[in-house]
Amino acid sequence: MKKALTIAGSDSGGGAGIQADIKTFSAHGVFGMSVITAVTAQNTMEVRSVQAIDTAIITDQIAAIFEDIHVDAVKIGMLGSKEIVETVADSLTAFSPAIAILDPVMISKSGHHLLDERAVTALKAKLLPLATLVTPNVPEAEVLTGLSIRTEQDFYKACLSLTELGSNAVLLKGGHAEGNPNDLFYDGTNFHWIKGERIDTKNTHGTGCTLSSAITSNMANGLSLRESIEQAKLYISEAIRNSFSIGAGHGPVHHFHSFSKKERSESL
Ligand SMILES: Nc1ncnc2c1ncn2[C@@H]1O[C@H](COP(=O)(O)OP(=O)(O)OP(=O)(O)O)[C@@H](O)[C@H]1O
Ligand SMILES: Cc1ncc(COP(=O)(O)O)c(N)n1
């Protein structure tokens with residue numbers, strides 16, 4: 001069994017963060033491990049409070065895992081502060097995992113800031129260069145690049161700018177854009193549109209976490225980066241289509257068992 005690690009924040013409501021990541025790993029048949037960077041008191045409506053975890057125990061969590069267990073792929077989510085960004089970057093530099101998928105989480109669906117401003121500069125300087133793939137949504141890509149992203153042309157420009165900042169590849173997500181949620185994948189050489197159909201639901205809490213964890217799982221399972229993204233897009237689309245109306249706000253997506261491509265074609 002392949003093994004994946006998420007370095008992210010805990011969501012007490014279970015829809016996003018560490019909880020969404022581990023559910024997604026399990027649904028892909030991948031053994032999930034976690035390094036918790038922050039604890040959020042959160043539900044479908046709000047983030048009530050956030051407690052950052054001490055950087056010393058973040059370093060220890062990462063070392064405890066890497067010094068004992070082979071890690072096939074790492075996903076990085078909510079980091080919260082500059083100090084935590086730097087701590088995670090230092091540890092990942094020391095252990096240099098083969099695959100690191102960076103979801104630059106900044107604001108929750110309920111509107112709470114999950115990354116402080118000082119952390120953005122550190123994330124750009126220290127973490128982007130370590131990422132196999134960075135998966136920003138439109139507002140996150142705007143903060144990282146300083147560009148305004150409205151048109152298709154802007155999507156291309158933002159991807160180029162993010163690779164210039166050091167990321168190996170980019171998946172710029174279109175969930176926040178007008179129209180269908182088409183994502184643009186730039187592998188450093190070629191662009192590929194990963195197309196989707198907009199599903200009319202408010203239950204999209206944890207979509208970004210789930211997508212990046214599905215990509216991480218697929219990479220851990222040996223798929224190419226492009227195949228991992230394409231399969232993950234099918235997965236998140238089904239997960240949103242089957243999402244749950246629990247709580248009064250943005251409900252969570254459904255982490256159903258993901259069939260492999262072979263199983264999928266046999267089951268059709
Ligand atoms: N209503 C929707 N219907 C179908 N697909 C969607 C919808 N909303 C988002 N997606 C897709 O879900 C994936 C996650 O994108 P999104 O832009 O929501 O990320 P995010 O804002 O980072 O998520 P989160 O807020 O959970 O961190 C993308 O592939 C996006 O295209
Ligand atoms: C711990 C944690 N990590 C990530 C998110 C982003 O997810 P969303 O934008 O869907 O609220 C979150 N709300 N909480």
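Order of appearance sets the numbers: ligands from 1, and atoms from 1 within every ligand.
In this structure, Asp103 pairs ionically with Lys173, as a charged nitrogen and a carboxylate oxygen lie closer than 4.0 Å. A salt bridge is defined here as a Lys NZ or Arg NE, NH1 or NH2 lying under 4.0 Å from an Asp or Glu carboxylate O, and Glu152 with Lys157 fails to meet this definition. We find that Arg241 and Glu238 are joined by a salt bridge, their nearest charged nitrogen and carboxylate oxygen being less than 4.0 Å apart. Using a 4.0 Å cut-off between a side-chain N of Lys or Arg and a carboxylate O of Asp or Glu, Glu86 and Arg118 do not qualify as a salt bridge.
Here is the list of ligand 2 atoms found below 4.0 Å of a heavy atom in Gly9: 1 (C). Below 4.0 Å from some heavy atom of His205 lie the following atoms of ligand 2, by number and element: 8 (P), 10 (O), 11 (O), 13 (N). Numbered from 1 in the order shown, with element, the atoms of ligand 2 that lie under 4.0 Å from a heavy atom of Ser108 read 9 (O), 11 (O), 13 (N). Residue contact check: Leu114 has heavy atoms under 4.0 Å from atoms 5 (C), 12 (C), 13 (N), 14 (N) of ligand 2. Atoms of ligand 2 found under 4.0 Å from any heavy atom of Met78, numbered from 1 in the order shown, are 1 (C), 3 (N). Within the listing of ligand 2, atoms 4 (C) sit less than 4.0 angstrom from a heavy atom of Cys209. Using a 4.0 Å cut-off to heavy atoms of Gly206, the atoms of ligand 1 that qualify are 26 (O). With ligand atoms numbered from 1 in the order given, ligand 1 contributes 18 (O), 21 (O), 23 (O), 24 (P), 25 (O), 26 (O) to contacts under 4.0 Å with heavy atoms of Lys109. For ligand 2, the atoms lying closer than 4.0 Å to a non-hydrogen atom of Val105 are 4 (C). Proximity to Ile240 (heavy-atom distance under 4.0 Å) selects the following atoms of ligand 1: 4 (C), 5 (N), 6 (C), 7 (C), 10 (N), 12 (O).
A distance of 5.0 Å separates CG in Leu133 from CD1 in Ile101, rounded to the nearest 0.5 Å. Leu130 CG to Ser96 OG: the interatomic distance, rounded to the nearest 0.5 Å, is 9.5 Å.
Considering backbone and side-chain atoms together, Thr201 places no N or O closer than 3.5 Å to any N or O of ligand 1. Considering both main-chain and side-chain atoms, Asp183 comes within under 3.5 Å of ligand 1 through a nitrogen or oxygen pair. For ligand 1, one of its N or O atoms has an N or O atom of Gly208 under 3.5 Å away. The N/O atoms of Asp103, backbone and side chain alike, include none that comes under 3.5 Å of an N/O atom in ligand 1. Ligand 1 has a nitrogen or oxygen under 3.5 angstrom from a nitrogen or oxygen of Pro181. Among the atoms of Thr207, some N or O lies under 3.5 angstrom from an N or O of ligand 1. Residue Asn182 has no N or O atom closer than 3.5 Å to an N or O atom of ligand 1.
The proximity of Ile199 to ligand 1, defined as any non-hydrogen pair under 4.0 Å, involves the side chain as well as the backbone. Within the 4.0 Å heavy-atom criterion, both parts of Arg198, backbone and side chain, lie near ligand 1.
Residue contacts with ligand 1 include Glu197, since one or more of its heavy atoms lies under 4.0 Å from the ligand. Ligand 2 lies within reach of Ile107, whose nearest heavy atom is under 4.0 Å from it. Using a 4.0 angstrom heavy-atom cutoff, Leu211 counts as in contact with ligand 1. At least one heavy atom of Gly206 lies less than 4.0 angstrom from ligand 2. Not a single heavy atom of Ser237 sits under 4.0 Å from any atom of ligand 1.
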Inset, instruction - Tell me, with the steps shown, if Thr163 and Asn168 meet side chain to side chain donor-acceptor pair (under 3.5 Å). - result: CA-CA 6 Å; Thr163 49; Asn168 172 62; over 6 Å; no
Legend entry - Step-by-step side chain to side chain donor-acceptor pair (under 3.5 Å) determination, Ser212 to Lys75: CA-CA 7 Å; Ser212 55; Lys75 174 242 152 108; 2.9 Å; yes
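Inter-residue side-chain proximity for Ile36 and Ile18 is flagged as met; some heavy-atom pair is nearer than 4.5 Å.
Ranking the protein heavy atoms by distance from atom 21 (O) of ligand 1 puts His176 NE2, 2.6 Å first. Given atom 7 (O) of ligand 2, the protein heavy atom at minimum distance is Ala16 CB, 3.7 Å. Distance from atom 22 (O) of ligand 1 to its nearest protein heavy atom, with residue and atom name: Lys173 NZ, 2.7 Å. Residue, atom and distance of the protein heavy atom nearest to atom 11 (O) of ligand 2 are Lys109 N, 2.8 Å. Of all protein heavy atoms, the one lying nearest to atom 9 (C) of ligand 1 is Gly175 CA, 3.7 Å. Closest protein heavy atom to atom 13 (N) of ligand 2: Gln42 OE1, 2.7 Å.
Between the side chains of Thr207 and Lys109, at least one donor-acceptor pair of N or O atoms lies under 3.5 Å. In this structure, a donor-acceptor pair under 3.5 Å is present between the side chains of Asp21 and Thr6. For the 3.5 Å distance criterion, the side chains of His255 and Thr210 qualify, holding a donor opposite an acceptor. Counting only N and O atoms by type, the side chains of Ser10 and Gln19 include a donor and acceptor under 3.5 Å apart. Neither side chain, His205 nor Asn203, offers a donor N or O lying under 3.5 Å from an acceptor on the other.
Criterion: ILVMFWY side-chain heavy atoms under 4.5 Å apart, direct or through other members. Under it, Leu162 and Val120 are part of a common hydrophobic cluster.
Aromatic ring centres of Phe256 and Tyr235: separated by under 6.0 Å.
Using bins of under 30°, 30° to 60° and over 60° for the plane-to-plane angle, the ring pair Tyr156/Trp193 lands in the perpendicular bin.
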